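What follows is a short report on a single structure.
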4 protein chains.
Amino acid sequence: MAASRSKAKAAETEAAPAAETKRDAAATRERILVAATQEFADKGYDGARVDEIIRVSQVNKNSLYHYFGSKEQLFTAVLERVYENIRARQSDLSIRSMSPEEGMRTLVEFTARIWEEVPEYNRLLASENLHEARHVRQSERIVPMYNPLLATICELLKRGEEAGVFRGGIDPVDLYISITALSAHYISHRHTFEAIFKTELMTPARLEQRRRHAADMILRYLKA
Amino acid sequence: MAASRSKAKAAETEAAPAAETKRDAAATRERILVAATQEFADKGYDGARVDEIIRVSQVNKNSLYHYFGSKEQLFTAVLERVYENIRARQSDLSIRSMSPEEGMRTLVEFTARIWEEVPEYNRLLASENLHEARHVRQSERIVPMYNPLLATICELLKRGEEAGVFRGGIDPVDLYISITALSAHYISHRHTFEAIFKTELMTPARLEQRRRHAADMILRYLKA
Amino acid sequence: MAASRSKAKAAETEAAPAAETKRDAAATRERILVAATQEFADKGYDGARVDEIIRVSQVNKNSLYHYFGSKEQLFTAVLERVYENIRARQSDLSIRSMSPEEGMRTLVEFTARIWEEVPEYNRLLASENLHEARHVRQSERIVPMYNPLLATICELLKRGEEAGVFRGGIDPVDLYISITALSAHYISHRHTFEAIFKTELMTPARLEQRRRHAADMILRYLKA
Amino acid sequence: MAASRSKAKAAETEAAPAAETKRDAAATRERILVAATQEFADKGYDGARVDEIIRVSQVNKNSLYHYFGSKEQLFTAVLERVYENIRARQSDLSIRSMSPEEGMRTLVEFTARIWEEVPEYNRLLASENLHEARHVRQSERIVPMYNPLLATICELLKRGEEAGVFRGGIDPVDLYISITALSAHYISHRHTFEAIFKTELMTPARLEQRRRHAADMILRYLKA
DNA sequence: CATGAATGAGTATTCATTCAT
DNA sequence: CATGAATGAATACTCATTCAT
């Protein structure tokens with residue numbers, strides 16, 4: 001999304017705006033991806049319409065098929081972008097310089113903030129799981145991205161255990177899934193929860209409460 | 001599902017199996033519901049096909065529309081059935097006679113077992129949330145079903161606090177969402193997790209580990 | 001329609017109203033005809049729905065098919081009833097005792113009143129003509145009904161000519177069609193005329209103006 | 001209709017008839033409109049089938065929906081074309097240069113010729129009125145087309161009155177409706193009239209008699 | 001004879017994808 | 001390589017009519 005805005009600004013400042021959008025293959029690709037991300041997030045894979053993506057991105061239908069091959073491959077490309085961005089955010093954290101407890105709290109809260117700030121990602125992953133991760137498995141780029149995160153968690157657990165602040169015997173995969181679950185499920189299922197519990201879940205105050213709840217739960221679970 | 005199985009079994013043992021399923025409004029409605037539950041769970045609301053539902057349930061297309069009105073209303077009926085069954089399971093627990101800790105562990109583990117045993121429900125709720133709970137809101141029957149569950153949680157919290165085993169100041173809605181999240185997210189997102197972490201998550205042993213992990217996390221969070 | 005009201009009244013005064021409607025074949029037939037007249041007039045033959053007719057008439061679907069055989073035959077029965085009622089109204093006029101001019105004006109104005117008071121008839125005949133009078137031709141009862149009317153017109157023309165008030169050489173069929181056209185077309189096409197000329201055509205005052213216009217036009221046409 | 005005939009003729013004389021009709025948006029649109037006009041006129045709006053229109057026009061179903069949006073909008077487009085053609089014919093008359101009586105007779109006879117030559121229009125308007133002019137009201141193009149015609153009638157009435165050949169106090173809307181009614185109703189209801197009066201109404205001689213009848217009736221009505 | 005469940009052909013409309021220019 | 005027209009299989013939904021009880 002950020003990319004699309006900077007692109008638009010570039011178009012205004014450059015000399016030949018009409019010709020610019022035509023020639024710039026990267027920009028066309030980018031506009032398609034941005035529109036596709038929104039459409040797939042809004043409607044899910046099956047509900048999304050290729051026609052809507054070309055309408056919003058203002059590209060020709062053949063361009064879309066030229067750059068991405070099919071609706072499925074376009075969805076895969078969108079997912080790759082999503083995982084890249086999630087990874088980029090999590091890498092920014094400089095957790096290695098923090099204490100184990102501080103690092104873990106930071107990780108939990110930053111994970112929560114991803115779903116809050118980019119709820120599209122949550123929806124895309126939900127849709128992908130309804131399709132049994134078919135597109136994630138197709139991608140050669142997504143799977144390798146998750147090793148560093150798991151490494152970070154393992155390192156935090158090890159440091160915490162050595163420092164005597166965390167228990168031993170924690171399964172890092174279970175822990176990662178719980179960290180994600182506590183915030184992602186809250187966001188992705190907020191509509192049914194709001195309907196069932198007659199309460200608002202997306203106000204800033206409520207979201208902060210949830211972040212603390214999630215971090216507390218993880219830290220209490222780990223406490224020696 | 002249980003109904004369909006007993007129906008099938010009855011058909012085999014009785015004299016006229018072909019005639020038995022015909023011209024029986026309740027049975028026809030049930031066959032449609034069973035097939036629809038499966039189809040909607042398999043493909044999500046948008047991916048599901050009415051034609052497939054009528055093919056599997058062996059009913060005439062018009063019967064489906066006569067009984068349920070539209071694909072949307074059929075989906076709503078499926079969701080109502082799902083929530084009813086979830087509620088029925090949770091009501092069976094006789095938690096009131098247990099100690100607060102035992103009751104809470106039982107609640108967490110039974111919630112986990114729902115998603116393990118009927119993963120269809122998980123998928124239906126995921127699809128419904130992609131549609132922003134549109135059908136849940138339409139239903140007059142679903143919302144009221146959730147009050148008793150929240151009451152049970154509040155009662156457990158109160159008893160635990162009075163007995164000095166649980167902390168005070170716990171938000172019951174946050175707690176409910178976390179209980180659900182820890183097991184449901186594990187199941188619903190297992191496909192991406194399995195792809196990313198190259199590990200099996202649905203073996204009996206692994207599921208038991210997850211159940212204990214979730215219960216431990218909740219109980220440690222509540223411990224005074 | 002009048003028939004249906006008197007029927008309803010009868011039901012109220014009799015002893016066993018529940019049993020009465022079940023057994024009375026004539027009443028069932030009548031209820032179907034009344035509902036069918038309304039539905040066919042509202043939507044035209046193609047737009048009309050058999051299901052709507054059975055819903056309104058509160059009869060069983062099989063009864064409708066038992067009494068009338070098919071949608072087409074039901075429409076034919078409705079048309080027969082319409083033509084009967086039109087004829088009955090026109091026969092009431094006792095034109096033979098009037099002067100030729102008075103008789104002709106009476107005939108024109110009464111014809112106009114038919115379309116005003118029972119616009120359903122207009123619509124049924126319009127729909128029937130879209131189907132090229134298929135059902136009218138099928139009916140053995142409709143065609144003979146129109147001879148007396150044409151005889152009345154011929155007689156009026158003859159008397160008027162003999163009395164020196166009407167011109168000779170008038171084609172009675174052309175005259176009949178014009179008498180009908182001047183009022184029926186005004187009613188049947190009022191919706192487009194109202195849209196195009198931005199004026200109201202169905203107020204009592206406007207209808208009276210139209211009736212006089214039509215009668216004036218016919219009488220001036222005939223004047224010696 | 002004229003367009004379709006010239007198109008067909010062109011195809012026959014040119015080199016590549018198959019290629020000529022393909023990939024030409026205007027021609028495709030036109031083919032659809034021609035086929036739709038025929039189908040809607042033949043069966044009425046409700047009886048008409050989109051499938052039949054695409055079969056006759058040899059276009060892809062999606063093209064029809066791409067160009068016209070829906071069956072309703074296609075019908076509206078057909079009606080707009082009809083009203084345009086009617087207006088174009090009436091504008092050709094150069095009535096302003098004629099005497100009031102001559103002008104009025106010309107207007108009546110030309111109106112009659114429209115229904116004789118393009119009976120489809122009659123049927124389309126009849127169907128539209130069964131739908132209470134729903135599509136005419138939707139159109140922004142149809143309503144304005146009728147002002148010039150009414151202006152012509154008013155001008156004829158004024159000139160005739162000033163010349164002492166027409167009476168005063170004539171309502172132009174009533175007059176317009178009668179001019180239309182006398183010929184249109186004859187055509188649109190010819191099937192029932194032919195069945196009832198056992199006479200042929202569409203022979204050239206009979207049509208000429210009717211035209212004179214209608215013109216005589218209007219002119220005698222107006223005569224001072 | 002009444003009832004309501006069942007039937008299957010059909011009806012407008014949509015969609016991902018390809019082809020001609 | 002860009003453009004917009006074309007494609008055809010599908011998709012939710014409807015309707016007149018019949019059958020079993």
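Computed from a predicted structure; not experimentally measured. Labels below follow one simple rule: chain letters A, B, ... track the order of the sequence lines, proteins then strands, and each chain is numbered from 1. These values consider heavy atoms only, across backbone and side chains, with no hydrogens, waters or symmetry-generated copies.
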- Item | Those residues of residues 48-56 of chain B lying under 4.0 Å from DNA chain F by at least one heavy atom | B:Ala48, B:Arg49, B:Val50
- Item | Counterpart residues, salt bridge (Lys or Arg N to Asp or Glu O under 4.0 Å), relative to C:Lys43 (two or more places apart) |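 Partners of C:Lys43 by the salt bridge (Lys or Arg N to Asp or Glu O under 4.0 Å) criterion, ordered by chain and then number, come out as C:Glu39.
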- Message: The criterion is salt bridge (Lys or Arg N to Asp or Glu O under 4.0 Å); which residues satisfy it with D:Glu128, sequence neighbours excluded?
- Response: none
- Task: Go through the structure and list residues passing side chain to side chain contact (heavy atoms under 4.5 Å, CB included) with A:Ala126, not counting sequence neighbours.
- Result: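 Partners of A:Ala126 by the side chain to side chain contact (heavy atoms under 4.5 Å, CB included) criterion, ordered by chain and then number, come out as B:Leu130.
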- Query: side chain to side chain contact (heavy atoms under 4.5 Å, CB included) with C:Asn60: which residues, sequence neighbours excluded?
  - Reply: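 For C:Asn60 the side chain to side chain contact (heavy atoms under 4.5 Å, CB included) partners, ignoring immediate neighbours, are C:Asn62, C:Ser63.
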- Any A:Ser63 side-chain N or O less than 4.0 Å from OP1/OP2 of F:dC1: no
I'd like to check the side-chain hydrogen bond (donor to acceptor under 3.5 Å, both in side chains) partners of [X]; sequence neighbours left out, ordered by chain and number.
X        : answer
B:Ser139 : B:Glu80
B:Glu72  : B:Arg134, B:His135
A:Glu52  : A:Arg55
D:Asp51  : D:Lys61

Roughly how many Å is it from [atom1] in [X] to [atom2] in [N], rounded to a whole number?
X       : N      : atom1 : atom2 : result
B:Phe75 : F:dA12 : CZ    : C1'   : 16 Å
D:Leu64 : F:dA5  : CG    : C1'   : 14 Å
C:Gln58 : E:dG4  : CD    : P     : 11 Å
A:Ile32 : F:dA2  : CD1   : C1'   : 12 Å
D:Asp24 : E:dC19 : CG    : C1'   : 16 Å
A:Asp46 : F:dA12 : CG    : P     : 11 Å
B:Asn60 : E:dA6  : CG    : P     : 9 Å

- Task: Determine yes or no for a side-chain-to-main-chain donor-acceptor pair under 3.5 angstrom, with B:Thr28 supplying the side chain and B:Asp24 the backbone.
- Result: yes
- Tell me the stems DNA chain F sits in, counting at least three consecutive Watson-Crick or G-U wobble pairs, each under 3.5 Å on both distances.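 Detected stem regions: E:2-21 with F:2-21.
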- Query: D:His131: what forms a ring-ring contact (aromatic ring centres under 6.0 Å, His included) with it, not counting sequence neighbours?
  - Reply: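 If we apply the ring-ring contact (aromatic ring centres under 6.0 Å, His included) test to D:His131, skipping adjacent residues, the hits are D:Tyr45.
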- Task: Could you list by number each residue of residues 65-73 of chain B showing a heavy-atom separation from DNA chain E of less than 4.0 Å, or answer none if no residue does?
- Result: B:His66, B:Tyr67
- Query: Hey, does the side-chain of D:Asn62 have a donor or acceptor N/O within less than 3.5 Å of a partner on the base of E:dC15?
  - Reply: yes
- Message: Any N or O donor-acceptor pair under 3.5 Å from the base of E:dT13 to the side chain of D:Lys61?
- Response: yes
- Message: Name the residue from C:Ile53, C:Leu124, C:Leu74 that meets the side-chain contact (heavy atoms from CB on, under 4.5 Å) definition with C:Thr37.
- Response: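 Only one option passes, and that is C:Leu124.
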